Structure formats: structure tokens, C-alpha cells
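Each remark here refers to the structure printed beneath this line.
Since this is a predicted model, take the numbers as computed values, not measurements. As a basis for the values below, the full set of heavy atoms in this structure was taken, side chains included, without hydrogen atoms, waters or symmetry mates.
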Amino acid sequence: MKTGDAPPALERTIQAADMVAYAGATWDWHRLHYDRVYLKDRGLHLPVVDGQMLGALLAEQVQDWLGPTARLRRLRFRLTAMVFAEETVRVTGVVMAVDGERVTIEQRVTVADRVAAVGVAEVTLSSSPEASANENGDAHHPAGGRDSEPAGGEEE
């Protein structure tokens with residue numbers, strides 16, 4: 001991997017069902033995301049996609065490209081335009097820096113001719129799932145890095 005490399009673009013048409021599933025997962029039931037009467041009273045024609053959903057797509061693009069051994073260390077993004085239900089978003093990116101196993105990727109989300117979000121992902125690459133787990137100190141401890149005891153509290 002080198003500066004200038006680009007992950008494959010991720011395209012997704014965001015449907016109402018996607019928005020409901022995301023709202024359910026995040027407990028964000030703001031009427032802006034589903035209530036057409038509420039929207040009409042505010043001069044909007046379609047439900048507005050939750051901005052955090054765009055962040056999830058930025059993360060998805062990086063993980064799809066680099067695979068399960070890559071760790072997304074930091075994702076910063078700024079929303080620049082609204083995205084509405086039924087619109088197709090396109091996530092693109094370019095590698096801005098490579099420092100050993102650390103990679104910085106500049107990303108953007110576009111809808112037609114407008115930029116909806118810009119962001120920067122910082123990723124650590126690893127050669128194996130075991131190495132990624134070792135970074136957490138939990139490669140040999142499925143209980144999340146804690147020592148676990150057999151039932152009864154004593155070793156046999």
C-alpha cells in the first residue's frame with residue numbers, strides 16, 4: 001500500500017427500510033428520519049438520512065477494502081449536505097499517508113453533484129487476526145483479556 005492508492009468506491013441507495021433498521025440499532029427515532037407530515041411542515045420532500053449512517057458507510061468502505069485484520073483506529077468526519085431517503089451515495093477515498101502499519105485515508109461521500117460528508121480514517125494494518133487480537137492483549141483470553149476460571153473457581 002502506498003500514498004495515492006484508492007479503496008474501491010462503495011455505492012448504496014439508502015431506502016426507508018435501511019433507515020428504519022439503522023434507527024432501531026441506534027435508538028435514533030427523530031421524526032426527521034421518517035415522519036412525512038413533520039417533513040412537509042418543514043419544507044422537506046423526503047426523510048433525511050441520519051448523518052451517523054454516513055459515518056458507518058465510511059467505516060464500511062475501509063473495512064471492506066482492508067479486511068478483518070485492519071483496525072479502524074479513528075474516524076473523523078464532517079457533514080456538508082443533507083442526504084435524503086432513496087438517494088444513492090458514493091463513498092470514495094485516497095490513501096494520504098503510510099507510516100509502517102498505520103494508514104491515513106481521506107474519504108468523501110457524494111450524492112450526485114454534491115459532497116455530503118468528508119472524513120479521515122486512521123487504520124492500523126496487521127498481517128493476521130491473531131496479531132490484531134494481541135494488540136488488545138486478548139489473543140489467548142476469549143473473555144476480553146481477562147483470565148477466566150473453570151466453573152467452581154478452581155483449576156482441575
Report yes if the side chains of Glu11 and Val91 come closer than 4.5 Å at any heavy-atom pair, otherwise no.
no

Only one of Arg73, Arg71, Arg76 forms a side-chain hydrogen bond (donor to acceptor under 3.5 Å, both in side chains) with Glu122, so which one is it?
Arg76

So, do Trp65 and Ile105 sit near enough that their side-chain heavy atoms are less than 4.5 Å apart?
yes

Give the cluster check for Leu10 versus Met1: same hydrophobic cluster or not, with ILVMFWY residues linked at side-chain heavy-atom distances below 4.5 Å.
yes

Minimum heavy-atom distance between Gly93 and Ala6, given as atom pair plus value:
O-CB, 3.3 Å

For a quick test of your reading: what N or O donor-acceptor pairs under 3.5 Å do the side chains of residues 47-60 make, sequence neighbours left out?
from, atom 1, to, atom 2, distance (Å)
Asp50, OD1, Gln52, N, 2.8
Glu60, OE1, Arg12, NH1, 3.3
Glu60, OE2, Arg12, NH2, 2.6

Find the distance between CE (Met19) and NE2 (His33) and round it off to the nearest 0.5 Å.
6.5 Å

Distance col, row Leu66:CG vs Leu72:CG, nearest 0.5 angstrom, shows 9.5 Å

Using ring pair (Phe, Tyr, Trp, His ring centres under 6.0 Å) as the criterion, list what pairs up with Tyr34, not counting sequence neighbours.
none

Look at the aromatic rings of Phe84 and His45 and report parallel, tilted or perpendicular, splitting at 30° and 60°.
tilted

Output yes when a side-chain donor or acceptor of Asp5 lies under 3.5 Å from a complementary backbone atom of Lys2, and no otherwise.
yes

Val103 reachable from Val120 in the ILVMFWY side-chain graph, under 4.5 Å edges:
no

List for me each residue that meets side-chain contact (heavy atoms from CB on, under 4.5 Å) alongside Val115, sequence neighbours excluded, and say none if there are none.
Thr80, Arg108, Thr110, Val118

Provide the closest heavy-atom pair for Leu39 versus Leu32 in the form atom of the first, atom of the second, distance.
CD2-O, 3.3 Å

Can you check whether Leu44 reaches Met82 side chain to side chain, under 4.5 Å on heavy atoms?
yes

If you compare all heavy atoms of Pro68 against all heavy atoms of Gln63, which two are closest, and at what distance to 0.1 Å?
CA-NE2, 4.5 Å

On a heavy-atom basis, the closest approach of Val83 and Ala116 is CG2-CB, 3.4 Å

Specify the closest pair of heavy atoms between Val94 and Pro7, including all atoms of both residues, with the distance to one decimal.
N-CD, 4.1 Å

Drop me the distance from Arg42's CZ to Asp35's CG, to the nearest 0.5 angstrom.
8.5 Å

If you compare all heavy atoms of Gln61 against all heavy atoms of Pro8, which two are closest, and at what distance to 0.1 Å?
NE2-O, 3.2 Å

Taken to the nearest 0.5 Å, the spacing of Gln107 CD from Thr92 OG1 works out to 8.0 Å

